[in-house]
Each structure stands twice: as C-alpha cells, then as structure tokens.
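Counting starts at 1 for both ligands and their atoms, in listed order.
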Amino acid sequence: MGIIIKSATEIAAMRQAGEVVASTLTKLSQEIKAGMTTLQLDDIAVRELKKYGARASFKGYNGYPASLCVSIDDEIVHGIPGERVIREGELVSLDFGAVLNGFQGDAAITVGVGKISPKAQKLIAVTRESLDAGISAARAGAHLSDISAAVQHYVESKGFSIVREYCGHGIGRQMHEDPSIPNFGPRGQGPILRKGMTLALEPMVNIGGWKTRVKRDHWTVVTADGSLSAHFEKTIAITEGEAEVLTDWKL
Ligand code: MF3
Ligand code: CO
C-alpha cells in the first residue's frame, strides 16, 4: 500500500483526534488509584470520548472487547479491562486510541500506583526517554530504521531490553497503516521519512529479556520471563524540523 502522506488539512484533523487521546490519558493518569478496577479506567475513557464526540479505535478491532488496554506489571500490552483490582506498587500501562472526523490518534503511558520500587521507576523513565530518542530521530530525510536504532540503542545502554515482537506503525484514517516500525535494528534502512508522514512510535521495554508470550485470553501479551514491562506511545507527524507530537499527554 505504501506510506500515505497527509496534507496540512489532514494533519490538522489528526491533531484534534490526538488531543482527545492525550487529554484522556492525562486524565486517567490523574484518576488512577489503588482499589479501582481496570474496568473503571475504561469507563472513564469512554466518558471522555463521549464528551468530544469521538469513537474508540480499539473496540471491535480484531474482536478486541474494550476501549482501553490496561497492562499491569509483567503484562506488556493488550491487557483487557475487567474486574482486576489495581494495587499499590503496581506498574500500569494504559494504551488508548480515538477516532474523530475520520482520523485516528493512538498513544500510551505507564504509571506507577502509589510507591513503586526504584527499579520500576527506572524502567518507566528509560522507556519514556527511549520514545523521546525515537522522536528525535524521526526527521525528514532520515531513514525509518534510524528511529528503530535510536530506541534500541537507548534502551540497551541502560541495561534493559526492547520488545521485538510488537512494533510501532503508520497511522491516519486507519489505526494501522504502513510502515511497521520495529524498535530495534541497524540504522540507515527502510524508506526515507518525508514531511506529512504520520507515525505511532511505541517502545515496549522489559527489565529482563525481550521475549513475549500471549495469555490464554488470546490478547494479553506478557514477558516470557515474568519481568516488569513498560510502554509509552505517541502519534507524531514528520515536518521539516522536529517531529510534531499529535498526542501530547502530560504526566
Ligand atoms: N496501540 C495499540 C496498537 O497500536 C493498540 C491496539 S490494541 C487493539 O496496536 F485492541 F486495538 F488491538
Ligand atoms: Co499503536
């Protein structure tokens, strides 16, 4: 299919969809507390969508049953909200997508609930910084894999591992467009980035090894070795200068 270049008007629409995603994740980060169920977080997200007249991207996607993904501790991505109660000390990743006026926004954050271990704090910081490293590499004229190499290098320099079996992606009218964006690999490969490309970068970082496993619910992805995992994601637009962040959540 190839990578779809968006016009300034289309990017303006993506900015609006992105704003819904960013403000919802920001709100969730403020409201999350020990004792809540993961389904209560999904309820908050749905309420925010209604406020903006937006629709959930994930609900019904390949049969996914909820609007939000909530992945706790060794869960990497795609945790399904339900009756699980969030506990003090847990690491909670929230992944959320919204559609507004035909355009998608997709982003994720990881937050610690109450007091978390220094190791977990470090994992959150490194994962977030690895996303920043990827965004810095996402410039017109660079190769796609310069993003991948920047993320991998940052994560591994801090002694953690980058998940290899799940990737970032192009985004626009569809949640998943070309190209697939691995978070590892040598630089200087793949397509050249151009102004108007819109991408969702999403490093997933584990304290232990990079291997993953899917739970019996057929959705929840966990670390194979049971180690903690964190996930941050932003939708960005390639410009002539620094990439523009379209889902600028505030933590
Ligand atoms: N942010 C995830 C992604 O980019 C969300 C997909 S979850 C699903 O793939 F439920 F929609 F599959
Ligand atoms: Co995504």
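Shown here for D248 and A22, the closest heavy-atom pair between the two residues is N-CB, 3.4 Å. Residues L123 and F160 come closest through the heavy atom pair CA-CE1, 3.7 Å.
Ion pair E129/K158 not flagged as a salt bridge, since none of the NZ, NE, NH1 or NH2 atoms sits closer than 4.0 Å to an Asp/Glu carboxylate oxygen.
For ligand 1, the polar-atom distance check against Y61 finds no nitrogen or oxygen pair separated by under 3.5 Å. At under 3.5 Å, not a single nitrogen or oxygen of H231, backbone or side chain, sits near a nitrogen or oxygen of ligand 1. For E202, a nitrogen or oxygen atom sits less than 3.5 Å from a nitrogen or oxygen atom of ligand 1, counting backbone and side chain alike. For D106, a nitrogen or oxygen atom sits less than 3.5 Å from a nitrogen or oxygen atom of ligand 1, counting backbone and side chain alike. Checked against a 3.5 angstrom limit, the closest N/O atoms of H78 and ligand 1 fall outside it.
Close approach of ligand 1 to E233 is summarised as follows: ligand atoms under 4.0 Å from at least one heavy atom of the residue are 1 (N), 4 (O). Contact atoms of ligand 1 toward M175: 11 (F) (distance under 4.0 Å to a heavy atom of the residue).
Assignment of N62 to the shell around ligand 1 is not supported, since no heavy atom sits closer than 4.0 Å. Put simply, part of C69 is less than 4.0 Å from ligand 1, judged by heavy atoms. By the 4.0 Å heavy-atom criterion, W219 is counted among the residues contacting ligand 1.
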Go through the steps to decide whether E202 and K234 satisfy the test salt bridge (Lys or Arg N to Asp or Glu O under 4.0 Å), and finish with yes or no. CA-CA 7 Å; E202 50 180 320; K234 282 177 176 171; over 6 Å; no

Could you walk me through whether K33 and E88 pass salt bridge (Lys or Arg N to Asp or Glu O under 4.0 Å), step by step? CA-CA 8 Å; K33 274 172 202 70; E88 164 104 16; over 6 Å; no

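For H78 and D95, the side-chain atoms include no donor-acceptor pair closer than 3.5 Å. There is a side-chain donor-acceptor pair under 3.5 Å between T212 and E165. Looking at S57 and Q104, their side chains do bring a donor and an acceptor atom within 3.5 Å of each other.
In terms of protein heavy atoms, atom 4 (O) of ligand 1 is closest to H169 NE2, 2.7 Å. In terms of protein heavy-atom proximity, atom 1 (N) of ligand 1 is closest to D95 OD2, 2.7 Å. Protein heavy atom nearest atom 5 (C) of ligand 1, with residue, atom name and distance: F58 CZ, 3.3 Å. The nearest heavy-atom contact from the protein to atom 9 (O) of ligand 1 is H176 NE2, 2.8 Å. In this structure, the protein non-hydrogen atom closest to atom 10 (F) of ligand 1 is Y64 CG, 3.0 Å.
In terms of distance to the Co ion (ligand 2), the nearest N, O or S atom of D106 is named OD2.
Relative orientation of the F232 and W249 rings is tilted, given thresholds of 30° and 60° on the angle between their planes.
Distance check for E202 against the Co ion (ligand 2): an N/O/S atom falls below 2.8 Å.
By the 4.5 Å heavy-atom criterion applied to side chains, D74 and L228 are not counted as neighbours.
No more than 12 heavy atoms of other residues, nucleotides or ligands lie within 6.0 Å of NE2 in H153, so this atom counts as exposed by the packing criterion.
Centred on the Co ion (ligand 2), the OE2 atom of E233 and the NE2 atom of H169 lie at an angle of 110°, reported to 10°.
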